[in-house]
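All remarks here apply to the structure that follows.
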Amino acid sequence: MRRFERKQNIFRNKDALGESYRPDQIEERDEEIEEYMDALQPVVDGWEPNNIFLYGNTGVGKTAVTDYLLDRLKNDVADYDDVDLAVISVNCKTLNSSYQVAVELVNKLRPAGGEISSTGYPQQTVFKKLYKELEAIGGTILIVLDEVDSIGDRDELLYELPRARANNNLDSTKVGVIGISNDFKFRDQLDPRVQDTLCERELQFPPYDAPELENILESRAEVAIAADAVEQGVLKFCAALAARDSGSARQALDLLRLAGEIAENREVDLIERDHVEAARSRLEQERVEEGMRELTTHGRLALLAVVSKAAKEETPSRTREIYEEYTALCDSSGTDSLAQRSVHNHLSDLRMLGILSAYENRSGSRGNYYSYELDVPFTSAIEAMSDVLRLNSEMETIRDIASMNNVA
């Protein structure tokens with residue numbers, strides 16, 4: 001058995017390519033930072049803070065810029081004796097209602113051992129406990145709700161918090177809410193009264209283009225990668241792949257990090273293009289597998305229906321065509337099928353997870369409809385599904401069809 005030995009031929013500081021790394025300078029977001037600073041200016045001036053809503057795809061810098069600016073803000077307001085600022089951050093990914101977010105906030109503010117149960121209280125009672133904790137802190141409080149779209153339409157807290165002082169739930173404490181969402185449609189789903197308050201200032205973070213991603217990679221690589229350990233053109237290739245797919249800096253950084261790990265495991269001293277290709281394939285399969293872990297049985301069957309249509313070279317496919325394939329798979333597996341509308345919802349979820357792409361077709365008097373296709377390679381999808389679904393004969397049939405049609 002080989003020994004565990006330290007590898008340092010590729011990476012100087014691999015953590016600099018990780019999600020938790022906070023760079024000294026944010027690259028390629030100057031305009032967004034200026035607009036964000038303007039929205040935060042009332043805090044410095046001692047006034048009631050704006051409520052701010054940020055939206056954009058995953059990995060485009062919303063959370064990174066927020067952390068960066070709030071750190072700067074806390075340092076800068078320390079020069080003013082009349083500004084007492086506190087920042088409370090909650091990731092709502094695992095929280096699906098205002099009630100759960102309020103409980104999480106109360107428990108963040110209370111000392112260890114003083115937490116409240118996540119069930120058993122009327123919602124307004126939890127809100128009152130939250131106001132009590134906020135009032136105890138006093139001053140100006142910014143509450144950051146990352147992935148706020150996870151709470152869906154159960155958005156009472158988003159209405160209550162910005163109005164807490166006006167409604168006499170808080171006395172002197174000034175509260176501002178910063179909502180961060182990956183879902184462009186979330187704002188439109190909010191109660192109009194919530195839109196008026198939460199979206200007081202809106203900031204959109206567009207996807208990065210390839211040159212912007214290359215600049216970000218170059219900046220991080222200076223910290224993360226050993227000298228002369230990256231083949232010329234590799235950073236440009238990583239940037240191009242990520243820009244073409246999602247415009248996500250996180251994806252570009254993950255590609256470079258994993259390519260470096262693959263190079264190290266192959267015991268070479270240089271990250272080359274084929275290491276990036278291998279990293280892309282592995283990340284795509286992991287994306288499907290991760291997405292599938294969040295799916296129900298019917299969500300997986302809906303995905304398998306799209307995979308089956310792709311094997312027949314029949315994608316993009318309309319929802320009703322995918323539904324026909326889905327019901328056939330349900331029959332094969334002895335599963336009761338859902339209504340077409342429910343399957344459409346599962347297809348929308350797969351789109352949100354980045355596994356499917358959707359195209360809206362406008363057909364005039366006949367109405368609009370969506371067509372779907374895989375947004376990951378066919379082989380990545382079918383390999384990931386083979387580990388999850390127990391439809392062996394169906395999977396083999398799909399593989400055979402794909403092979404005949406030279407689908408890869």
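Sequential numbering from 1 along the given sequence is applied to the chain's residues. Computed over heavy atoms, backbone and side chain alike; hydrogens, waters and symmetry mates excluded.
Salt bridge present: R22 and D71 bring a charged side-chain N and a carboxylate O closer than 4.0 Å. E133 has a carboxylate O that lies under 4.0 Å from a charged side-chain N of R110, or vice versa, which qualifies the two as a salt bridge. Ion pairing between E32 and R29 holds under the 4.0 Å rule for side-chain N and carboxylate O. Using a cut-off of 4.0 Å between Lys/Arg side-chain N and Asp/Glu carboxylate O, E135 and K128 are scored as not salt-bridged. Between R220 and E27, no side-chain nitrogen of the basic residue sits less than 4.0 Å from a carboxylate oxygen of the acidic one, so the salt-bridge criterion is not met. Taking 4.0 Å as the cut-off between side-chain N and carboxylate O, R266 and D274 count as a salt-bridged pair.
For the 3.5 Å distance criterion, the side chains of E156 and Y99 fail to qualify, holding no donor opposite an acceptor. Donor-acceptor pairing under 3.5 Å is recorded for the side chains of T66 and Y36. Side-chain contact of N265 with E261: a donor-acceptor pair under 3.5 Å is absent, judged by distance alone. With no hydrogens or angles considered, a side-chain donor-acceptor pair links H298 and Y326 at under 3.5 Å. For the residue pair E373 and S357, no side-chain donor N or O sits within less than 3.5 Å of a side-chain acceptor on the partner. In this structure, a donor-acceptor pair under 3.5 Å is absent between the side chains of S317 and T315.
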Pair N9-E267, side-chain contact (heavy atoms from CB on, under 4.5 Å): steps then yes or no: CA-CA 9 Å; N9 54 323; E267 299 184 345; over 6 Å; no
For a salt bridge (Lys or Arg N to Asp or Glu O under 4.0 Å) check, start with the C-alpha distance between R201 and D38, then their side-chain angles and the critical distance, and finish with the verdict. CA-CA 10 Å; R201 294 291 297 269; D38 288 343; 5.2 Å; no
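Using bins of under 30°, 30° to 60° and over 60° for the plane-to-plane angle, the ring pair F53/F186 lands in the tilted bin.
Contact of the V90 side chain with the D146 side chain is not registered, since no non-hydrogen atoms from C-beta on lie closer than 4.5 Å. R165 has its side chain out of reach of V175: every pair of non-hydrogen atoms, C-beta onward, lies at least 4.5 Å apart. Looking at heavy atoms from C-beta onward, F127 lies out of side-chain contact with L161 at the 4.5 angstrom threshold.
Between the side chain of T327 and the main chain of E324, a donor-acceptor pair closer than 3.5 Å is present.
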